[in-house]
Structures are given as structure tokens and as C-alpha cells.
Amino acid sequence: MCADEAYDRIGYWSEIKLDILRKYASAYSKIMQKNSLHHVYVDAFAGGGRHFSLTSGELVPGSPQIALGIDPPFKEYHFIDLKETKIKSLREIAQDRADVHLYQGDCNSILLESIFPRIRYDQFKRGLMLLDPYGLHLNWEVIAMSAGMKSIEIFLNFPVADMNRNVLWTNPDRVDPRQRERLNAFWGDESWRGVAYTSQPGLFGEIAEKTTNQEVVEGFRQRLLNVAGFAFVPQPLAMLNSQNAVVYYLFFASHNQTGEKIVADIFKKYRKGGQA
Ligand SMILES: C[S@@+](CC[C@H](N)C(=O)[O-])C[C@H]1O[C@@H](n2cnc3c(N)ncnc32)[C@H](O)[C@@H]1O
């Protein structure tokens, strides 16, 4: 990735994510329109709106541009990014459309203060939100509040590679406390310790043993259901690189059973060897 440029270079796993978003957003928008609901698209880590594909070498639409092309259109679009270059690029793509709102800054505060209040369930508003950080840059409050609103469903990039690289080490005692804090902020508390490690008796007392990615991911799925309070969270999709290593897991969480069914069906088509 080249975060300081307007466009990132993306691997095919990102293109799969974008295909999934296109398919679901299109179905979602049709259903919302049919039910006369005011539906809103939110891209919290929006990027520049376009990317260079590492597969084709060409400029391909990113999530904001895909969302803008959905037919029937959403009633509002909200794109947030930290970087000025990305916002500038988004401004060019949006071309003064009155239904597009751009925000430069930290989505963790912008969502809570400026966007969620516009998506109230009792005002017949509904939202589809993509939370797609590079790593552990999202705060649990965003997830918990979006679940509590009942009006919002999310796609969430669960950044397992950042977790494993910086926090979930074989020897947890050697981890930098600042890295642990990043995971606490994402997970919402320290309960990830009980999910990511088991205690085994050793010669000199208890030894922490690392569990698998699947166990960590399932622990987080249970949090989305039981702590955040989403009603439906299908098994997430493992996004794999060319060496078959997991780059991240793509979660979907919703209060809507139809949404879950559609996404579970889409995920099924992209699963390799049935892995989570
Ligand atoms: C993985 S890219 C997004 C890609 C985009 N969703 C797509 O698929 O086309 C992540 C983006 O999040 C932005 N970002 C990082 N931290 C952020 C934060 N706290 N708030 C808002 N944007 C942030 C980065 O500048 C970067 O453009």
C-alpha cells in the first residue's frame, strides 16, 4: 500500500471484497427502495475511491466509486478518510453531487458525532456501512453503537494480520503495551486474552499457549452477537493472498435475516475449501 498517494495498489483479495460489496449493496438498495426506506451508504475508511489493481495493472473502482454506481442509488453517501489526498480524489469522483458528503478526519469520532445521528431507525433511515481499515485503527465504540442503532449493517475488515504481527505473539509478555492497547481499543476490552491464549501447566508454572486464527475470529463473532448485540453474524470470509495466507477476515453483521441470507450466499461462492 502507498498510503500517502491518492490511489493504493490492491491485491486480488481486495478485488474480491469489492465484488462482494457491489453484489450486496445492489441487492440491499433494491430492497430498501421497495420498502420506501431512506437508505444511506457509509464508507468510514474510504480511501481515494479508486485503486491500481496489482492483477491487471489498471485503475479499478474502490468502494466509494462502486457505491456511487449502485442502481438504484442510495439516498445519501458519507465518505470519511484521514488523508487530504484521498478526500481530494473523492471530491473529483463525486463531482459536486448533492447526495455525497465528504469528511476528512478520524472516523472513530466523525461517525459517532456527525453520521450515526442521521441514520435513526425511528425516522425510517437505514444504513450500510463499510469499515475497512488497514489494521487496528477502529474503536469498538463504533461497532457497539452501530449495533445499538438497529438501523445499520456493517461489513468489517477484521485485521488479523496486524493482530498477529504486533500483539498475538507466542510469548505475550514481550509485546509492547502500546500494541496491546491498540487491540484493546478494537476489541473493546481485554477479553481477547482468554480467546487468543490458553493456559497450559509448565515446569515453572502456567504457560500461555496461542490459539488458532479461527478461534480468535470465532471469539470476535460471538462478541458481535452477544456484546455488540447484532442479531445475525454469518461466518466471516477469510481473504487469502497468493500464498494462501490469511490477510484479513471479512465480517458482515446485521439485524436483518434477509441481509444475512444474501451475504452468507455470496460468501459461500468465494470460500476456498470451506474454510472460515
Ligand atoms: C484499506 S484503505 C480503504 C479502501 C477502501 N475501503 C476500498 O476498498 O476502496 C483504508 C483507508 O483508511 C484511511 N484511514 C486510516 N485511519 C483512518 C481513520 N482513523 N479514520 C478515517 N480514515 C482512516 C486510510 O487513509 C486509507 O485510505
Side-chain angles (χ1 to χ4, degrees), residues 1-26 41-56 58-70 74 77-94 100-116 127-143 145-146 153-163 165-166 181-183 185-186 237 239 241 246-252 266 270:
M1 300 282 175
C2 20
D4 287 333
E5 295 172 15
Y7 305 139
D8 289 335
R9 288 169 176 73
I10 59 166
Y12 73 88
W13 59 89
S14 295
E15 297 191 46
I16 289 175
K17 168 197 72 188
L18 294 168
D19 271 354
I20 291 170
L21 175 71
R22 186 184 286 109
K23 285 188 175 123
Y24 184 66
S26 173
Y41 175 81
V42 182
D43 212 323
F45 297 81
R50 292 184 192 138
H51 306 288
F52 283 110
S53 159
L54 287 173
T55 328
S56 68
E58 288 175 6
L59 209 53
V60 293
S63 51
Q65 198 176 17
I66 286 172
L68 288 172
I70 295 296
F74 287 74
Y77 299 84
H78 298 267
F79 301 141
I80 315 169
D81 204 281
L82 267 185
K83 304 267 180 188
E84 199 184 336
T85 46
K86 306 271 164 106
I87 296 294
K88 198 167 155 252
S89 163
L90 288 169
R91 193 164 289 122
E92 282 163 19
I93 288 168
V100 177
H101 306 265
L102 302 177
Y103 310 76
Q104 188 192 342
D106 183 358
C107 67
N108 290 295
S109 49
I110 292 170
L111 287 167
L112 304 192
E113 289 158 16
S114 308
I115 300 180
F116 289 173
L128 175 62
M129 175 163 71
L130 175 61
L131 297 165
D132 185 24
Y134 291 134
L136 290 166
H137 307 119
L138 173 69
N139 291 343
W140 173 257
E141 285 72 35
V142 168
I143 298 171
M145 192 177 271
S146 57
E153 36 195 84
I154 63 173
F155 279 106
L156 166 69
N157 170 334
F158 183 78
V160 77
D162 189 353
M163 289 178 196
R165 195 168 49 244
N166 294 306
E181 274 311 311
R182 293 176 66 230
L183 183 50
F186 181 89
L237 183 67
M239 309 301 277
N241 66 16
V246 179
V247 187
Y248 63 87
Y249 286 82
L250 185 65
F251 268 103
F252 174 75
I266 297 173
Y270 289 95

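Indexing begins at 1, ligand by ligand and atom by atom, following the structure's order.
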_Assess whether a salt bridge exists between K86 and D8, defined as any Lys/Arg side-chain N lying under 4.0 Å from an Asp/Glu carboxylate O._
yes

*Checking S109 side chain against D106 main chain: does a donor-acceptor pair fall under 3.5 Å?*
yes

*Shortest heavy-atom approach to atom 25 (O) of ligand 1 - which of D132, D81, V60*: D81

*Can you find an N or O of S63 that's nearer than 3.5 Å to an N or O of ligand 1?*
yes

*When the ring planes of Y77 and F79 are compared, do they come out parallel, tilted or perpendicular, using 30° and 60° as the limits?*
tilted

*Please state which part of A46 comes within less than 4.0 Å of ligand 1, counting heavy atoms only: side chain, backbone, both or neither.*
backbone

*Going by heavy atoms, is G48 under 4.0 Å from ligand 1?*
no

*asked:* Under 4.0 Å, counting heavy atoms only: does R50 come that close to any atom of ligand 1?
replied: no

*For residues V100 and A94, report the shortest heavy-atom separation together with the two atoms involved.*
CG1-CB, 3.7 Å

_Residue selection (non-hydrogen contact nearest atom 2 (S) of ligand 1) among Y248, Y134, Y103, F155_ = Y134

*Is the closest N or O pair between L82 and ligand 1 shorter than 3.5 Å?*
yes

_Region of L18 that comes within reach of ligand 1 [heavy atoms, distance under 4.0 Å]_ = side chain

*Given V142, which of I154, L156, L131 fulfils the side chain to side chain contact (heavy atoms under 4.5 Å, CB included) condition?*
L131

*Kindly state whether the ring of H78 and the ring of Y103 have centres lying under 6.0 angstrom apart.*
yes

_Is it true that, when you exclude E92 itself, more than 12 heavy atoms of the residues, nucleotides or ligands shown sit nearer than 6.0 Å to its CD?_
yes

*Per-atom contacts, ligand 1 versus G105 - under 4.0 Å to a heavy atom*: 20 (N), 21 (C)

*Show your reasoning for whether side-chain contact (heavy atoms from CB on, under 4.5 Å) applies to N139 and F186.*
CA-CA 5 Å; N139 291 343; F186 181 89; over 6 Å; no

*asked:* Any side-chain to backbone donor/acceptor pair from N157 onto P133? Under 3.5 Å, distance only.
replied: yes

*Which ligand 1 atoms are under 4.0 Å away from a heavy-atom of A44?*
21 (C), 22 (N)

*For K83, atoms of ligand 1 separated by under 4.0 Å from a heavy atom*: 25 (O)

_Polar proximity ligand 1 side, C107 side, N/O cut 3.5 Å exclusive_ = yes

*asked:* Quick check: F158 with F251 (ring centres under 6.0 Å apart)?
replied: yes

*Counting each atom of ligand 1 from 1 as listed, which ones have a heavy atom of H51 under 4.0 Å away?*
7 (C), 8 (O), 9 (O)

*By number and element, which atoms of ligand 1 are closer than 4.0 Å to a non-hydrogen atom of K17?*
7 (C), 8 (O)

*asked:* Under a 4.0 angstrom heavy-atom cut-off, which atoms of ligand 1 come close to G47?
replied: 27 (O)

*State whether the shortest distance between N or O atoms of K86 and N or O atoms of ligand 1 falls below 3.5 angstrom.*
yes

*Numbering the atoms of ligand 1 from 1, which are under 4.0 Å from a heavy atom of G62?*
9 (O)

_Considering both backbone and side-chain atoms of P64, is one of its nitrogen or oxygen atoms within less than 3.5 Å of a nitrogen or oxygen in ligand 1?_
no

*Indicate whether the side chain of D19 and that of Y24 have a donor and an acceptor atom separated by less than 3.5 Å.*
no

